[in-house]
Amino acid sequence: MRHNGRQPIKASAIPPHLLDLSAARPMLACPACGRWAHLVRGMIPAHRSATGATFVNGKAARCPLSGQRVLIDVRPLDWAAALRQAGRDAALRRSARVTPKGVPPLATPVHRIAAAR
Ligand SMILES: [Zn+2]
């Protein structure tokens, strides 16, 4: 398979949770479609995009980042440290605090309004 002719993507520019350098073969989520794939000869292998794909002859079109070269410029230890730090940051996030408000008074039922007349 030949590369797609685009400039290589640096692994340091990819968020650590979309990259996996823990195994012998690096793996990453395709930046275009999110599909996970092992790098083959430093490239994202040809794949069809399941999401957001344009269909050609009833089949999903090939993802535009098929054959994208990826330059692994991060050491696995640095990547693991960045991943742990990202996990800690995510664990510290809180959802927006909801301020309870008083229950609004109930409106007088229509049949009581009609009976008062
Ligand atoms: Zn893709």
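All of these numbers come straight from a predicted model, not from anything done at the bench. Whatever order the structure lists them in is the order used to number ligands and atoms, beginning at 1.
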Partners meeting side chain to side chain contact (heavy atoms under 4.5 Å, CB included) with [X] (sequence neighbours left out):
X    : answer
R88  : R84, Q85
R112 : T108, P109
L39  : P26, L28, I44, V70, I72

Indicate yes or no: at least one non-hydrogen side-chain atom of [X] is less than 4.5 angstrom from one of [Y].
X   : Y   : result
I9  : R69 : no
H47 : R62 : no
L65 : P31 : yes

query: For the Zn ion (ligand 1), which protein N/O/S atoms are closer than 2.8 Å?
result: C30 SG, C33 SG, H47 NE2, C63 SG
